[in-house]
There are 2 protein chains.
Amino acid sequence: MVTIQDVAKAAGVSPMTVSNVINDHPNVRPSTREKVLEAMARLDYRVNVAARNLRKGRTGVIGLAVPEVNSPYYGRLAAGIITAAERRGLRVSIEQTASRENELDALSLSRNHQYDGLILSAAGMSQADAERLKVDHPVVVLGDRIFGGPVDHVAMPNLEAARAATRHLIERGCRRVAILCGAVEEVDTSSLRLTGYRQALEGAGLPTDPALIQQVDRLGMREGARRAREMAEGGLDFDGVFCVTDSLAMGVLRGLTDTGIRVPDQARVIGFDNVSESEFFIPSLSTVDPDHDGMAERAVDLLIRRIEQTEPSTRHHDFVGDFSLVIRESTGG
Amino acid sequence: MVTIQDVAKAAGVSPMTVSNVINDHPNVRPSTREKVLEAMARLDYRVNVAARNLRKGRTGVIGLAVPEVNSPYYGRLAAGIITAAERRGLRVSIEQTASRENELDALSLSRNHQYDGLILSAAGMSQADAERLKVDHPVVVLGDRIFGGPVDHVAMPNLEAARAATRHLIERGCRRVAILCGAVEEVDTSSLRLTGYRQALEGAGLPTDPALIQQVDRLGMREGARRAREMAEGGLDFDGVFCVTDSLAMGVLRGLTDTGIRVPDQARVIGFDNVSESEFFIPSLSTVDPDHDGMAERAVDLLIRRIEQTEPSTRHHDFVGDFSLVIRESTGG
DNA sequence: TTGTAAGCGTTATCAT
DNA sequence: ATGATAACGCTTACAA
């Protein structure tokens, strides 16, 4: 391995001068710089990042921990974070957590030392784990299960957006609006969106029929399709479905088609996330478009402030993103 | 920051003993281990990975560089690699390259020092860049543009699979089969699949009409939809479309629907990749299912052999994955 | 079984 | 403008 020492020797200067050249420090005579650059090229020198990290205590890399990399939603999230971080001169390294265990693991500083900070998309952790977030390294939490914790936090406008989505169905004439969500336990994405759904019904003076509240254990297309078929074949009376994710909604569109129910004529469907597929689905899917990029921007911004310690470590921010409704064919265009 | 020294002092032992405890070395008396563990817990000690890496020259992490994280295909790929690596006790860190520049960058050892090895999904690089792959760190290249290069290489069965997909359309009665692919320049995914398409037509004694070879500049849904509309509205005579990616194919399904062409009655469509959405699309999409997991497994395996130097550095492997056809509604079920 | 010494490659500090 | 020195926190090799 070629080290700074080797380059120094070859160029007839001190290691320090080589370092100065590498890092573009000002006080290097042009002729010296030339000599060094030439030696670096000749020896094919590459900086040893591990050594640099050790010395600097910084890596220039932030970690992004998500439950799943192969999901349209987290893919979209990752893309936003990468763009936002790039603009700030940071690289992003993505890790898949898959379980609450791994989420806590990702937090554990043993990993954190490899990153200047961590953006943790917490799906498995709950309020009960909030204590564990008390780490002395920069962390920003994304998600809906932790609020007022000991870290900065960026969340979706779940309640308001769910209310708006449900209201949209009602405005289009739906009177028997179902919701398709995940298991509801304490505060999480499904529970918040369910509350928004309830509020919308209430606001319109419609009754809340428990039979219309449909829960599945995974928020994927397969589950959406299966449940939609069950609802249709079981004779459930509904003319609208608010799905808490686009994946669910696309599954529902499939399931309804399978059972001969026409969307939007016989039932209107709206999703949540505005993943890229929803625009091209047949019928195209109405959905909630959260301000992904705004949230990503904000998360990176908060993290950088922690990294650079420009924020007092006693105050923590809870940021809730923006949203808009995207109306497409599945609710009548 | 709490260091090994601090723990050693607190436990009344030497730093070395602490290190031995951390690394589960055998020769530590249980009582000593207890003392050390207690001190570690009390001081909330975390190992400094940068220091360990510097000393060991290993990180236990492999890098995965993909052009895009927010794409069903690369998401699927990443998931496979993560699973395969996990089984071998390695963690995976994903980076987005987005351009040829960044792909070369990812190669550059400056980054590589952070990983034990790199799996590079090369979309922007071409055979001309093959020389650049001559790095003395473990690298496995995924993709269709580099063959016989100075690194191990894992590729899709492009030619054979494209031939099979096209043949399937022909067997279903299509006589005017179009192909939708990307810009064809030297050897790349599109060119290989185009060749497979040509071979299938030839094998069936069908003429190759240049008008049926449709090229777009990005392989996404939007491009597929737009081009399908253009083809339909332009009066192009076709009764089948082989799309070189599922994204393109889903876009095509959308575009054909928009112009009133019924699939599969008036035109059959087949894709490539078997992304998870294709099963639920309406109509569900027939497609080539590459053995993603097998390829991922193989890529990780090859990389590990390089890392552990169990493979002579003079010989390099070119592995071509397996595939199967998944027949769904878009070609008649 | 435990401890000592040295060094991984880099850069901050201070001196020249 | 350049260089000597000393760390960063850890582990390998060896000594006790």
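All values derive from a computational prediction rather than experimental measurement. To find a chain, count down the sequence lines: A is the first, B the second, and so on, and within it residues start at 1.
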Would you list the pairs meeting side-chain hydrogen bond (donor to acceptor under 3.5 Å, both in side chains) in which at least one residue belongs to residues 65-81 of chain B, sequence neighbours left out? Arg76(B)-Asp293(B)
Residues two or more places apart in sequence or in another chain: which of them pass salt bridge (charged side-chain N to carboxylate O under 4.0 Å, His left out) with Arg315(A)? none
Residues at least two apart in sequence or cross-chain that pass side-chain hydrogen bond (donor to acceptor under 3.5 Å, both in side chains) with Thr83(B), listed by chain then number, are none
Are any side-chain N or O atoms of Arg55(B) and backbone N or O atoms of Ala50(B), one a donor and one an acceptor, separated by less than 3.5 Å? no
Regarding dT11(C), can its base be found pairing with the side chain of Arg55(A) as donor and acceptor, where the two atoms are less than 3.5 Å apart? yes
Is there side-chain contact between Asp44(A) and Val2(A), with at least one heavy-atom pair below 4.5 Å? no
In numerical order, the residues of residues 19-34 of chain A whose heavy atoms come under 4.0 Å of DNA chain D are Asn27(A), Val28(A), Arg29(A), Thr32(A)
If the condition is salt bridge (charged side-chain N to carboxylate O under 4.0 Å, His left out), which residues does Arg298(B) pass it with, not counting sequence neighbours? none
Double-helix bend of the helix from dT1(C)-dA16(D) to dT16(C)-dA1(D), axes at both ends from 5 pairs, round to 10°, gives 30°
Distance-only criterion, 3.5 Å: show the donor-acceptor pairs between side-chain atoms of residues 21-41 of chain A and protein atoms not counting sequence neighbours.
{"residue": "Asn23(A)", "atom": "ND2", "partner": "Ser19(A)", "partner atom": "O", "Å": "2.8"}
{"residue": "Asn23(A)", "atom": "ND2", "partner": "Ser19(A)", "partner atom": "OG", "Å": "3.4"}
{"residue": "Glu38(A)", "atom": "OE2", "partner": "Arg42(A)", "partner atom": "NE", "Å": "2.9"}

Just jot down the salt bridge (charged side-chain N to carboxylate O under 4.0 Å, His left out) partners of Asp273(A), sequence neighbours excluded, or say none. none
Here the distance between atom C1' of dA12(C) and atom CD1 of Ile4(A), to the nearest Å, is 13 Å
Salt bridge (charged side-chain N to carboxylate O under 4.0 Å, His left out) partners of Arg305(A), counting only residues at least two apart: Asp301(A), Glu311(A)
Starting at the 5' end of DNA chain C and moving along, which residue's nearest nucleotide shows up first, Leu54(B) or Lys56(A)? Leu54(B)
Under 4.0 Å from any atom of DNA chain D, heavy atoms only: list the residues of residues 5-18 of chain A that qualify, in numerical order. Val13(A), Ser14(A), Met16(A), Thr17(A)
Where chain A begins and ends its contact with DNA chain D, read 5' to 3' at 4.0 Å from heavy atoms: dA1(D) to dG9(D)
Kindly indicate whether the side chain of Ile119(A), heavy atoms from C-beta on, has any atom under 4.5 Å from the side chain of Leu303(A). yes
With Thr97(B), which residues qualify under side-chain hydrogen bond (donor to acceptor under 3.5 Å, both in side chains), at least two apart? none
